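Scroll down for the structure; my scribbles are underneath it.
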Amino acid sequence: MADNMCGPSNGAKSLVSHADRDRALHQDRFANAPQAGGSAAFRSTASFTHGADNAFESFQQEHSLNPAVVPASFNPQFAMNNHVAHQAFGHPVGGAPVTFNPNGHLALGGAGPGPLHAAAPQDTAAHKQWVDQFANMQLGHDVVRAGPVMPQPVMAPGLVNHHMQQYPMPIIAPQFPMNMYGGAAPAFAYGQQNINFSGVVQQSEVGLVTGDSSMDIEAFNRAFGDYDDAEFERELADWKQEELAATAELSEAQDEWMAQHGPRAEARNAKPPTAKEMAVIDANLEEMAQELEERRAAGDPAVLPTKGPEAEALRKKREDDDLARAAVDILSSVSDNQSEKFKNSNFLQLMRRIGNREIVVEGADLVDAESGEKVVVFKEPVSEHNPGTEGANQGDGQTGGMHPTVEEYNGHNGLSSA
Amino acid sequence: MASMLEFRTPGFNPYAVKYSPYYDSRIAVAASANYGIVGNGRVFCLGLSAAGIQIEKTFDTNDALYDLAWSEINENQLVVACGDGSLKMFDLGVDQFPIMNFHEHRRETFSVCWNPCTKDTFLSSSWDGTVKIWSPTRNASLKTLPIGCCTYSAAFNPKNPAIVSAVSSDSNLRIFDLRTPSSAKYHLTTMIPVHAPPSAGPVLPRLADGQTYAGAVPAEILTHDWNKYRDTVIATAGVDRLIRTFDIRNPTGGPLAVMAGHDYAVRRVAWSPHAPDILVSASYDMTVRLWSDGCMLPPLPENTIRSGAQVGLMNRHTEFATGVDWCLFGAGGWVASVGWDERVLLWDANTVLGR
């Protein structure tokens with residue numbers, strides 16, 4: 001049950017808090033472990049998050065800070081988040097003012113992307129081996145082929161705009177699509193990842209298409225130039241006329257069929273019932289009416305009206321009958337009890353009167369069936385134990401000293417009264 | 001005779017009484033006009049002061065009231081079970097009107113019980129054959145447990161907030177575990193036929209007096225209560241006039257103890273909060289009786305059902321005794337009982353011992 005989670009003594013709740021605490025311990029151990037992060041510089045930075053988070057960021061940053069080696073399969077958004085995280089958690093490299101606002105957006109100082117670019121060469125050098133391995137293993141000769149397509153991505157810091165820094169993929173992205181989809185794919189890849197490139201490619205493609213179509217039109221004219229346009233118009237008009245005639249013919253046929261067999265045809269062709277048929281119909285109706293009358297006379301609620309004064313009276317009568325029957329049942333169930341209590345019981349007395357139909361329910365009251373006056377159903381028994389006190393009993397001897405004092409009650413409980 | 005404090009509820013016949021879980025001096029009574037046949041209901045919030053029992057607050061309702069439960073998280077709030085199928089929550093600091101209305105039951109709501117462990121939920125049972133679990137802050141029920149017949153009483157386990165019990169007119173005691181998936185029989189984990197003898201052993205058990213216990217015909221179970229010390233033990237009672245105790249860990253083992261003595265149906269049972277073997281019962285025979293189920297006595301031979309002993313009788317009510325509750329505070333033993341004689345009686349159970 002969901003709301004059990006709210007309770008103060010809920011087991012699951014304490015489990016969650018316990019896991020939180022435990023997590024911190026594990027994270028610390030994990031972060032300080034030798035294999036936790038790739039860069040000692042990052043680990044030495046004072047952390048205000050869990051150790052494992054930093055370790056994970058370090059792992060990401062090792063690869064993302066050098067855009068030249070980001071595999072094309074990385075999601076651009078992933079790379080961007082990584083970039084933000086790097087800036088947010090206190091690793092500014094170039095000394096430019098970097099702040100992190102609570103919305104998670106990066107707010108850079110006047111230098112803009114400068115510090116990022118300054119950081120890149122360091123990591124490039126640090127992970128040169130990994131880059132080479134990656135290039136040899138996955139990209140092969142495509143790396144070479146990518147060079148002329150995109151000369152600038154090799155991270156000349158001053159030339160790369162901020163957009164490219166956030167989406168470093170274009171540098172290598174063309175290589176994967178080429179391997180996988182052939183020549184047409186790179187244009188798509190450019191369009192997705194860098195609008196500057198896509199514009200150039202689309203323009204060249206449009207030029208190609210334009211040249212081809214002008215040639216085709218000339219050839220078409222040469223082949224069909226002698227075809228008379230007027231003749232075509234005439235043939236088209238003839239065809240339309242034939243089509244209209246055929247449609248009209250079909251419509252007429254449909255109307256004719258509907259007139260003979262449609263839903264109105266039966267009514268149009270129907271004849272009044274004969275006298276013999278009428279006799280049968282009348283007999284059936286009479287029989288049904290008779291049956292209905294019999295059920296109504298028997299008080300079958302299924303055929304009685306449910307509204308109106310008569311129905312209301314009938315419903316009330318049924319309820320009174322039910323109540324009287326229940327009263328009689330109660331009385332019979334205690335009939336063997338001859339004790340004084342049961343003889344003097346107000347409730348059983350009421351049951352007797354209800355069973356005798358002396359008292360009936362009227363609205364929200366029990367009333368006398370004859371006079372219609374409201375009945376007082378409870379008379380306080382007067383006995384030596386209960387001489388007829390009303391309302392609050394003070395426990396002060398009013399009832400012949402039978403009741404204890406409040407002090408006695410409180411004294412027994414060892415409590416103070418309110 | 002034992003000394004008693006008395007309060008009259010003129011014009012209203014009480015159905016239930018409950019001590020506040022917060023104050024030893026606060027009691028609430030759910031009452032109905034005309035014995036609940038027709039008319040309004042009224043909640044009496046009573047305070048025990050130096051001047052005796054006095055009204056702190058009353059709340060009127062359009063329909064009869066059958067049960068009430070104090071809130072376990074707010075000392076000024078209580079919820080009542082109404083004849084129109086609704087549950088209404090009243091606050092002693094708010095005049096006249098309920099602060100919340102919970103209306104999903106299609107028939108009379110007949111019992112209500114606040115979760116004593118997590119305190120953030122309460123439940124209700126109804127003649128519409130369902131038990132519903134509610135949050136005091138939501139109008140819609142959190143969960144509905146199907147019973148299928150008139151359910152006179154439902155309660156939370158005193159130790160485990162996820163275990164719910166219900167007794168009904170089909171003579172069964174049902175145990176629900178809300179931790180089980182809803183798809184598995186709607187959380188129903190155990191169903192004990194109250195009237196039946198043990199089905200496990202090859203031989204029918206004997207009662208302590210040597211008679212064979214062959215069970216009884218099914219009868220409506222009107223009330224039940226969890227033992228406050230042995231949280232797997234439940235006492236049930238109803239139309240067959242017997243009080244039985246069961247251990248829910250052994251649902252086919254039959255009753256642990258049987259207590260006979262009431263002349264008519266037993267309307268309410270309540271285990272003592274101060275002793276593991278003492279319970280009190282209110283009955284249509286106009287008596288309130290104290291019982292010991294004998295669990296503190298030396299064990300009996302195997303396959304023997306203990307006969308509980310009546311240890312006290314309070315015979316002061318002059319109409320059907322309908323409600324009874326123990327005071328949670330102090331040395332223990334104070335009991336509040338109500339009956340259709342329009343009276344609330346506070347008395348010390350120690351003074352009726354041996355009757």
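As the structure is a prediction and not an experimental result, all values here were calculated from the model. FYI, side chains are in, hydrogens and waters are out, and symmetry mates aren't considered; it's all heavy atoms of this structure. Per chain, numbering begins at 1; letters A, B, ... match sequence-line order.
One finds the CH2 atom of B:Trp340 at 9.5 Å from the CG atom of A:Leu348 (value rounded to the nearest 0.5 Å). The CG atom of A:Asp336 lies 9.0 Å from the CG atom of B:Asp263; values are rounded to the nearest 0.5 Å. Atom CG of B:Asp285 and atom CZ of A:Phe342 lie 6.5 Å apart (nearest 0.5 Å).
In this structure, A:Asn346 and B:Glu342 have side chains that are not in contact, with every pair of non-hydrogen atoms separated by 4.5 Å or more. Residues A:Leu350 and B:Ile37 meet the side-chain proximity criterion, which asks for heavy atoms closer than 4.5 Å.
Contacts between B:Phe320 and chain A at a heavy-atom distance below 4.5 Å involve the side chain alone, from C-beta outward. Neither the backbone nor the side chain of A:Ser339 comes within contact range of chain B; no heavy atoms are under 4.5 Å apart.
Other residues, nucleotides and ligands contribute only 12 or fewer heavy atoms inside 6.0 Å of the OH atom of B:Tyr186. Enclosure of atom NZ in A:Lys374 is not indicated, since only 12 or fewer non-hydrogen atoms of other residues, nucleotides or ligands lie within 6.0 angstrom. Around atom CG of B:Asn62, no more than 12 heavy atoms belonging to other residues, nucleotides or ligands sit under 6.0 Å away.
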B:Val38/A:Leu323 under side chain to side chain contact (heavy atoms under 4.5 Å, CB included): CA gap, chis, key distance, verdict: CA-CA 11 Å; B:Val38 64; A:Leu323 183 60; over 6 Å; no
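A pairwise comparison of heavy atoms in A:Val334 and B:Tyr264 identifies CA-OH, 3.6 Å as the closest pair.
Residues satisfying the salt bridge (charged side-chain N to carboxylate O under 4.0 Å, His left out) criterion with B:Glu75, sequence neighbours excluded, are absent altogether.
Of the possible polar contacts, one joining the A:Lys341 side chain to the B:His317 backbone as a donor-acceptor pair under 3.5 Å is found.
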